[in-house]
Number of protein chains: 2
Amino acid sequence: MTVTLADVAARAQVSPATVSRVLNGNYPVAAATRERVLKAVDELDYVLNGPASALAAATSDLVGILVNDIADPFFGIMAGAVQSEIGGPGGRAGGERLAVVCNTGGAPERELTYLTLLQRQRAAAVVLTGGAIEDAAHQAAMAAKLRRLAEAGTRVVLCGRPPAPETGAVALTFDNRGGGRELTEHLIGLGHRRLGYIAGPQERTTTRHRLEGHRAALAAHGVGEDPRWTVHGRYDRQSGYEATLELLRRDPSLTAVVAANDSVALGACAALRDSGRRIPDDVSVAGFDDLPFSIDVVPALTTVRLPLAEAGARAGRIAMGREEAPAGGIATVRGELMVRGSCGRPRGV
Amino acid sequence: MTVTLADVAARAQVSPATVSRVLNGNYPVAAATRERVLKAVDELDYVLNGPASALAAATSDLVGILVNDIADPFFGIMAGAVQSEIGGPGGRAGGERLAVVCNTGGAPERELTYLTLLQRQRAAAVVLTGGAIEDAAHQAAMAAKLRRLAEAGTRVVLCGRPPAPETGAVALTFDNRGGGRELTEHLIGLGHRRLGYIAGPQERTTTRHRLEGHRAALAAHGVGEDPRWTVHGRYDRQSGYEATLELLRRDPSLTAVVAANDSVALGACAALRDSGRRIPDDVSVAGFDDLPFSIDVVPALTTVRLPLAEAGARAGRIAMGREEAPAGGIATVRGELMVRGSCGRPRGV
DNA sequence: AGCCGTACAGCAAGCGCTTTCTATGTATAA
DNA sequence: TTATACATAGAAAGCGCTTGCTGTACGGCT
C-alpha cells in the first residue's frame, strides 16, 4: 500500500541499506547507483517514514519552540526567527527540520506537558521563550525536566527568559530591569513625579523585572511612590484598558502611565482617551517591546525596543549548534529606549 | 540508559504488552495491575518513545498548521484557535497532540516542503491557513500532495483558503469578495468617488478576491475607476506606507484609500499623516481583518471583521473529526463590516 | 604474479513499541 | 460436576528504518 524503503530498493535493484544511505548521504555510494535510487524514489513517489527513521537512528529532526501566546506578535516574531534559523524549509541551514511551535498560554502545567511531549518525540532541540513563572514547585519541576531533556541530548535554549541554573540550558536573557529603569528615567527626566504603573501578571519574571527597573529609577531619583500607583493585570490590551481606569480612579492626578508592554499601553491610551484625557498633553504613556504597531499608533509609543528577531535567530542558531553558546551559557540582551510622541512634559513643567 | 517499556514492565512484574495497554487505555487491564504499572512508570520516570509508538501503531499525534507568517496576528490567532481545539495540552479534547506550526513565509516551495515533512511524520491532520497562491503548476502540485495526504489518512482542512477540488480537503473559505464589496459600498455611500486601492501580492487568491469585491462595488454603483488608483504590494505596514505615497503621487485628489488588510491600512495612515493629510477629514482609510490593534489606532479603523478565532477553532475540530465537515466539504465564512472613525464623508459632501 | 588497500554494496541485527493470537484462571450456566 | 464464556495477561511477530560488520571486486603496489 504505502511505499517503503524496500520497494524503492527492489525497484532500483539495490539493497535497502543502499537506499537509506543515498537518502541520508553520509556514506560513499557510486554515482550511478545513487542516480538509480533517486530515480526509483521519484518514480514511486516515496516519502521517508519519519517515525521509523527516528526510531532506528534514535534522533529526530523536530525542534520545539514554546511560546506563551502565539497570537501575540511578541512571540510570533521570536518564533519566526528561531524557525528561520533551525534549517527548516527556507531556512539558511541545510537539513530539513520541523519546527514545533507550542502554545502554552502561560499555563505552568501546559509548559511541562509540552516539554514531555517534545521529550517523547525525542526533539533535537527546544527553545523556550517568554518570562518564566515564579513558583518554586513549578520551577523545580521545569528544571528537572530541562535537565532530563539535556541528558537525552536535546539542546535547550532559553530566549528572553532568565537562566535555569544547572540544567545545561543556554539562556539569552532580556535586560528587562535595565530597560524598565531607562524608560522610567526618561519620564522622570521629562518632569513626571506621579507615575502609574501597569504591571503584568504577578508571578512572571518579566513582570517583576520590569517593575523592579521602574522602582529602581524612582528610587534613584528620589521620586516618591504610592502603592496605589501600581496595578497588576494580563499582558493584553483589555487588561491595560481596565487597569488604567482603575489607576485613574485611585489617583486622577497621575501624569504618566507606564505599561508592562505595548499591548497594555495601547489599552491604556484607549482608556485615557475615553476618559477625556489627551496624550501626551494630559498624561504620558510608555510601553515596552516596541512591537511593529507601536510606531503607528497616534501618538507613536515611547517604548523599549527588544531585539526579538535577533534574539530568536541567535537562539535558533545555538539550538542547532551553529553558533557557540555564550560564555557561562548566559547572555544578556539589552533593550533600547525609543523616544516617541506618547511621552511629553507634564503640565506646568 | 534511557528507560523503555520493558524496564517498566520488569519493574511492575508484567509483560510489556500490559504496560502498553495501560498507557493506551483501550484494553481491559485489572485495576491492581494498572496501579502497579502506573507506579512503576512514575518511579522510573518513564517517557514513551514517540517515534517507536508511531511506527508500531502507524499513526502519530502530530497535527500540522501551515501559516504564511507566524509573526502576523492574522495567522497567530487562527493557529492558536486550531491548537486549542486539537486536544493539545490545555485543549478541550482528551488525547495529547502536538501542534506543529509551520511558517511558509508565503513561499510556494516551502508550502510543499512542509507538507512533505508532515507527510513524512505521518501527521494525523493538517490545517492550511491563508490565501492560496495562484500559479497553475503550484496548485497542481499542491492538489497532488493534498490528495496523497488524504489517501494516507491525514485529514486536511483549509482555513481561510479557497477549496481545493478533488483533494478530499475540507474548506472553510472566507468571503473576501463579499467583505471587500461591502466595505467599498460603505465608502461609496459616504460619498467617495475617487478611491485608491492598495492590494496585496498579485498572485494570491485573497488579494484577487478582495480586489474583485472592491471593483464589483464600484461597478454596481457606477463609480468610475482608474488603473492608477490600484497599487499592489505586500501584506505589511511598510508596503502600505509606500503604496500610499505612490497613490498620492499618482493622484493627489483621492478621498479614500482602501487597504488589503489592517496592517497595510496602518501604513497608509502613517503615510497620509506624514504627507500632511488628516484622517478622515482629508482622506478616509479602510482596512480588512479587524485585528486586535485596529480598534486602538486613532482614528479607529473601519474594516471587515473576519472571525479568525472561530474559523480556526472550527477547522481544528473538523481536523480532529470532532465536528462534521460542512456539506460538500465547503463552507463560506462571512466577514462583518465594522464602521469606525477612519472613514468619513469626503470634503464638500 | 601476488598482496593489499580502497571503494562500494549487502546482510542482518536491532531501535521500542503495538497488537493479534493464544493461554490461563475464574465465574457462570447446564 | 462439567462445559462454556469471560476477563485478563503474555508471547511473539512485526512496523520501516539505520548501521556495524562483512563481503567482493578492482586497481596499484612490490
Side-chain angles (χ1 to χ4, degrees), chain A residues 1-38 40-41 44-62 95-96 117 119-124 152-153, chain B residues 1-38 40-41 44-62 95-96 117 119-124 152-153:
Chain A
M1 201 196 72
T2 68
V3 183
T4 72
L5 236 211
D7 299 330
V8 175
R11 172 142 198 149
Q13 317 246 52
V14 296
S15 73
T18 301
V19 177
S20 172
R21 297 201 259 244
V22 167
L23 262 24
N24 292 296
N26 36 258
Y27 192 88
V29 174
T33 315
R34 157 175 287 112
E35 292 238 325
R36 207 143 30 90
V37 170
L38 258 17
V41 166
L44 293 177
D45 215 1
Y46 170 69
V47 175
L48 193 69
N49 182 316
S53 114
L55 172 59
T59 62
S60 106
D61 45 13
L62 248 51
E96 282 173 350
L117 241 34
Q119 183 182 1
R120 178 177 297 184
Q121 298 297 333
R122 306 299 188 251
Chain B
M1 202 197 71
T2 67
V3 182
T4 72
L5 236 211
D7 300 331
V8 176
R11 173 141 197 151
Q13 318 246 53
V14 295
S15 73
T18 301
V19 177
S20 172
R21 297 201 261 245
V22 167
L23 262 22
N24 291 295
N26 34 259
Y27 191 88
V29 174
T33 316
R34 156 174 288 110
E35 292 238 325
R36 206 142 33 88
V37 170
L38 258 17
V41 166
L44 294 176
D45 214 2
Y46 170 68
V47 175
L48 192 69
N49 183 317
S53 111
L55 172 59
T59 62
S60 108
D61 45 12
L62 248 51
E96 282 173 349
L117 241 35
Q119 184 183 1
R120 179 177 297 185
Q121 298 297 333
R122 305 299 187 252

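In what follows, chains carry the letters A, B, and so on, assigned in the order in which the sequence lines appear, proteins first and then strands, with residues in each chain numbered from 1.
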Euclidean distance, atom [atom1] of residue [X] to atom [atom2] of [N] [Å, nearest integer]:
X	N	atom1	atom2	result
D61(B)	dT18(C)	CG	P	11 Å
L23(B)	dT19(C)	CG	P	13 Å
L55(B)	dG14(D)	CG	C1'	9 Å
N49(B)	dG16(C)	CG	C1'	6 Å
L5(B)	dT19(C)	CG	P	12 Å
N24(A)	dT18(D)	CG	P	5 Å
D7(A)	dC15(D)	CG	C1'	14 Å

Sequence neighbours left out, cut at 3.5 Å: what donor-acceptor pairs do the side chains of residues 8-16 of chain A make with other protein atoms?
{"unit_1": "R11(A)", "atom_1": "NE", "unit_2": "E43(A)", "atom_2": "OE1", "d": "2.7"}
{"unit_1": "R11(A)", "atom_1": "NH2", "unit_2": "E43(A)", "atom_2": "OE1", "d": "2.9"}
{"unit_1": "S15(A)", "atom_1": "OG", "unit_2": "A17(A)", "atom_2": "N", "d": "3.4"}
{"unit_1": "S15(A)", "atom_1": "OG", "unit_2": "T18(A)", "atom_2": "N", "d": "3.4"}
{"unit_1": "S15(A)", "atom_1": "OG", "unit_2": "T18(A)", "atom_2": "OG1", "d": "3.2"}

Q | Any residue meeting side-chain hydrogen bond (donor to acceptor under 3.5 Å, both in side chains) with S53(B), in chain and number order, not counting sequence neighbours | A | none
Q. How would you list, by chain and number, every residue that makes a side-chain hydrogen bond (donor to acceptor under 3.5 Å, both in side chains) with S20(B), sequence neighbours excluded?
A.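 If we apply the side-chain hydrogen bond (donor to acceptor under 3.5 Å, both in side chains) test to S20(B), skipping adjacent residues, the hits are N24(B).
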Q.
Using five base pairs at each end to define the local axes, how bent is the helix from dA1(C)-dT30(D) to dA30(C)-dT1(D), to the nearest 10°?
A. 50°
Q.
Under 4.0 Å, counting only non-hydrogen atoms across every strand here, what does S20(B) touch: a base, just sugar-phosphate, or nothing?
A.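 Since a base atom lies under 4.0 Å of S20(B), the category is base.
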Q: Can you see which heavy atom on T4(B) is nearest to which on Y46(B), and at what distance?
A: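 Heavy atoms only, the tightest pair is C-CE1, 3.5 Å.
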(Q) Tell me the closest heavy-atom pair linking L48(B) and R122(A), and the distance in Å. (A) O-NH1, 3.5 Å
Q) What residues form a salt bridge (charged side-chain N to carboxylate O under 4.0 Å, His left out) with R36(B), not counting sequence neighbours? A)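 If we apply the salt bridge (charged side-chain N to carboxylate O under 4.0 Å, His left out) test to R36(B), skipping adjacent residues, there are no hits.
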**Q.** Results of salt bridge (charged side-chain N to carboxylate O under 4.0 Å, His left out) for R34(B) - residues two or more places apart only
**A.**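 Scan of R34(B) (salt bridge (charged side-chain N to carboxylate O under 4.0 Å, His left out), adjacent residues dropped) gives none.
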Q | Student check: side-chain heavy atoms of T33(A) and V22(A) closer than 4.5 Å | A |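 No. Closest side-chain heavy atoms not under 4.5 Å.
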(Q) For a 4.5 angstrom cut-off between non-hydrogen side-chain atoms, does D45(B) reach V3(B)? (A)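 D45(B) does not reach V3(B) side chain to side chain.
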Q: Using the side chain to side chain contact (heavy atoms under 4.5 Å, CB included) rule, take V29(B) and V37(B) through it: C-alpha gap first, then chi angles, then the decisive distance, then the call.
A: CA-CA 10 Å; V29(B) 174; V37(B) 170; over 6 Å; no
(Q) Nearest 0.5 Å, please: how far is CZ in R120(A) from CG in L62(A)? (A)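 Here the interatomic distance stands at 13.5 Å.
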Q: Output the distance between atom CG (L5(B)) and atom CG (L44(B)), rounded to the nearest 0.5 Å.
A: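 One finds 11.0 Å between CG of L5(B) and CG of L44(B).
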What nitrogen or oxygen pairs link the protein and nucleotides 8-11 of chain C at under 3.5 Å?
{"unit_1": "dA9(C)", "atom_1": "OP1", "unit_2": "T33(A)", "atom_2": "OG1", "d": "2.2"}
{"unit_1": "dA9(C)", "atom_1": "OP2", "unit_2": "A30(A)", "atom_2": "N", "d": "3.0"}
{"unit_1": "dA9(C)", "atom_1": "N6", "unit_2": "Y27(A)", "atom_2": "OH", "d": "2.7"}
{"unit_1": "dG10(C)", "atom_1": "OP2", "unit_2": "S15(A)", "atom_2": "N", "d": "2.7"}
{"unit_1": "dG10(C)", "atom_1": "OP2", "unit_2": "S15(A)", "atom_2": "OG", "d": "3.1"}
{"unit_1": "dG10(C)", "atom_1": "OP2", "unit_2": "T18(A)", "atom_2": "OG1", "d": "2.8"}
{"unit_1": "dG10(C)", "atom_1": "N7", "unit_2": "R21(A)", "atom_2": "NH2", "d": "2.7"}
{"unit_1": "dG10(C)", "atom_1": "O6", "unit_2": "R21(A)", "atom_2": "NH1", "d": "3.4"}
{"unit_1": "dG10(C)", "atom_1": "O6", "unit_2": "R21(A)", "atom_2": "NH2", "d": "2.8"}

Kindly give the atom pairs (protein nitrogen or oxygen, nucleotide nitrogen or oxygen) under 3.5 Å for nucleotides 24-26 of chain D.
none

Extract from the structure each pairing of a protein N or O with an N or O of nucleotides 24-26 of chain C at less than 3.5 Å, listing the distance.
none

Q: Could you list the residues that satisfy side chain to side chain contact (heavy atoms under 4.5 Å, CB included) with D61(B), not counting sequence neighbours?
A: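 So D61(B) forms a side chain to side chain contact (heavy atoms under 4.5 Å, CB included) with Q121(A), R97(B).
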